[in-house]
Amino acid sequence: MADNDQFDLSDILSVEDRLAAEALIVDVDGFEGPLDLLLQLSRTQKVDLMKISILHLAQQYLIFVEKAKELRIELAADYLVMAAWLAFLKSRLLLPPDPTDEGPSGEELAAHLAFQLQRLEAMRDAAAKLMARDQKGRDFFVRGIPEEVQRLRNVTYTATLLDLMQAYARVRTKDEFRPFVMDREAILSMEQALERMRGLIPFAVDWADLSSYLPEGWELDPKKRRSATAATFAASLELAKQGQIELRQGGTFAPIQIKARRR
Amino acid sequence: MSDDQAEVAQEESLFEAPPLAEQERMVEAVLFASADPVSLTDLAARMPHGCEPKAALEQLQKRYEGRGVRVVRVGDNWALRTAPDLGFLMQKETVETRKLSRAAIETLAIISYHQPCTRAEIEEIRGVSVSRGTLDQLMELEWIRFGRRRMSPGRPVTYVVTAQFLDHFGLESARDLPGVKELRAAGLLESRPMPGLDERDEEDDQDDLFEDES
Amino acid sequence: MSDDQAEVAQEESLFEAPPLAEQERMVEAVLFASADPVSLTDLAARMPHGCEPKAALEQLQKRYEGRGVRVVRVGDNWALRTAPDLGFLMQKETVETRKLSRAAIETLAIISYHQPCTRAEIEEIRGVSVSRGTLDQLMELEWIRFGRRRMSPGRPVTYVVTAQFLDHFGLESARDLPGVKELRAAGLLESRPMPGLDERDEEDDQDDLFEDES
């Protein structure tokens, strides 16, 4: 508020009014929104919230807002929205009900507002009770020297039948092994993959990752792995189509697993 | 233990479980060693086969009645905590916590009494918007966490209180919150839509209440 | 307590010291919550005026005799510790599954195809030496065991696969393992056999197979 305004105000208003105005400024800052203000105002009625007069409360609120306007206090939009709504509620409560109107009655709206106020008050109460409870690290304490739990690792090893057979094949062919030589050595065709898979399928009794069906050694070179993966995948789709294998995948980008189809 | 029960126990285990008094010692040792609450499952997993941690725990709890340390229940877990009336001896151990704002305290209370609770519901009760920082602060304290998304339009996230919240405030479960029965009886924990506003999505809120605690 | 002492105590404190049982609770709570062992001086400083932590501590120590937790002296300080015989409860076992090493799976494969099979034979087939650890590991897994000693010079020990092996790999017998021809047909053997190294010896092996098992 500019100094000028202050000066004007002091001219117009009595000392009492000015004090009230100052209190108002402070208070509006202290309120957490219109509902909070309403709750505060309702306390001046000095009755149980269950018996509060909503009409009277609406009146109080409207006077408050009016006063704030007179004092050129900028009220946040939600205070004004509430004022408009309360003005509407007040008229509903005062006028006889219009039978053609389908909306909720003034009494219903008033009851809801009373409920909201009771609920807010109840939650404030509950919050205070919660914070008044004994708290950990303030009123009660945990063990000061916790003893670490030692973790013993128990390792179990696992291998699949395919691992076993591939290992044996690897060993038996080591002497005679020479790298696959092709015109394009990093390319595995789908036909090659299909032929290879056909031979393997009879032994694929358990679910196994498609990646374990790549030709020996191909998984080491990124280029070869890419080609072999694509070809093996295409071949597995073909085999699935022919009803020779089943395919499954746990989720997007999860490993694809295959096994022979039981007949 | 009746004869029948004894027989069942015998069948269940080839080895005889240690006597209850011994099991009580074990539960005592495990609870002493841990600063965090321990579950019955965890106890059973650590104790020899055939042990019944629940019976041992109940016996232990009785033994510590009126002592400087107590056996307390936190959700489905169990812990040892000093008796609250002796807190004055522990200035050295007292943890200085950041003072929570009024908004944070009220938000925490609303979540704990209304959980699972959406942000819109918190705002509806407080009558003002909830700042992101308030929820973040409560999350950082690990007093609230995300619950299941609400099955209403927009599938809003919900908030629920955590086991750490229960532990911090010495609560066995959210059912033990101060005055929760009275508030429910008074209908103040219901989500009541504004008359005239058709809020179908609010209808099944009550069923959700405390789903996580059971 | 003599009258004189009582008078001194009276003078020292305007308030009466709490009863010993209460002091014991206090000592218990402090020892429980403190991050370090606590000295008698420290206890006295924390407790209300007129308390006698030494007496309270002794009583507490007696109370914990034979329990899962004990009052122990650490230098000049005191602390609560879990009973040493319950140390096993502070261990948690976790099971971890790992793939067999290449050496192990190859050794296992050779044994399963060539059993009974000596270590020298395994080394001959693999073309590299087999470490004791590899065989031990397979023995520990109970996938291989000792077979009959070979009736050759030195009477070397042989290895055979076990029923657990068959169970793990879902085989009815090691005879069900595909032969080299089938492996080749399956594309598991990619290159052509070396001339001269025909598969006759392998067929012989198949006949030997499970001489010990039948």
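The structure displayed is predicted, hence computed values, not measured ones. A, B, ... follow the sequence lines: proteins, then strands. Residue 1 opens every chain.
When B:Ala33, B:Ser129, B:Gly170, B:Gly87 are compared by the number of non-hydrogen pairs under 4.5 Å with chain A, B:Ala33 comes out ahead. Ranking A:Gln116, A:Gln118, A:Arg124 against chain B, the residue ahead of the rest is A:Arg124, based on heavy-atom pairs under 4.5 Å. When the candidates A:Gly33, A:Gly137, A:Ser105 are compared by the number of heavy-atom contacts under 4.5 Å with chain B, A:Gly137 comes out ahead. Ranked by heavy-atom pairs shorter than 4.5 Å toward chain B, the options A:His112, A:Arg143, A:Met131 are led by A:His112. Heavy-atom pairs under 4.5 Å with chain A were tallied for B:Thr107, B:Val30, B:Leu171; the largest tally goes to B:Leu171.
The environment of A:Phe233 atom CZ is sparse: at most 12 non-hydrogen atoms of other residues, nucleotides or ligands sit within 6.0 angstrom.
Salt bridge B:Arg102/B:Glu106: present, at least one basic N to carboxylate O contact under 4.0 Å. Note on A:Arg119 versus B:Glu124: salt bridge recorded, some NZ/NE/NH1/NH2 to OD/OE distance being below 4.0 Å. A salt bridge links A:Lys136 with B:Asp167: at least one charged nitrogen is closer than 4.0 Å to a carboxylate oxygen. A:Arg43 has a carboxylate O that lies under 4.0 Å from a charged side-chain N of A:Glu121, or vice versa, which qualifies the two as a salt bridge.
Contacts of B:Ala103 with chain A are made by both backbone and side-chain atoms, with heavy-atom separations under 4.5 Å. Within the 4.5 angstrom heavy-atom criterion, no atom of B:Phe88 approaches chain A. Proximity to chain B is limited to the side chain of A:Arg133, based on heavy atoms less than 4.5 angstrom apart. Only the side chain of B:Leu183 comes within contact range of chain A, judged by heavy atoms closer than 4.5 Å. Residue B:Thr94 touches chain A through both its backbone and its side chain, counting heavy-atom pairs closer than 4.5 Å. For B:Leu31, no part sits under 4.5 Å from any heavy atom of chain A, backbone or side chain.
Here the options are B:Gln61, B:Lys62, B:Lys54, the test is side chain to side chain donor-acceptor pair (under 3.5 Å), and the partner is B:Glu58; only B:Lys54 passes. For the side-chain contact (heavy atoms from CB on, under 4.5 Å) criterion with B:Leu60, the lone passing option out of B:Glu28, B:Gln23, B:Arg25, B:Met26 is B:Glu28.
Here the side chain of B:Arg150 pairs a donor or acceptor atom with the backbone of B:Pro116 at under 3.5 angstrom.
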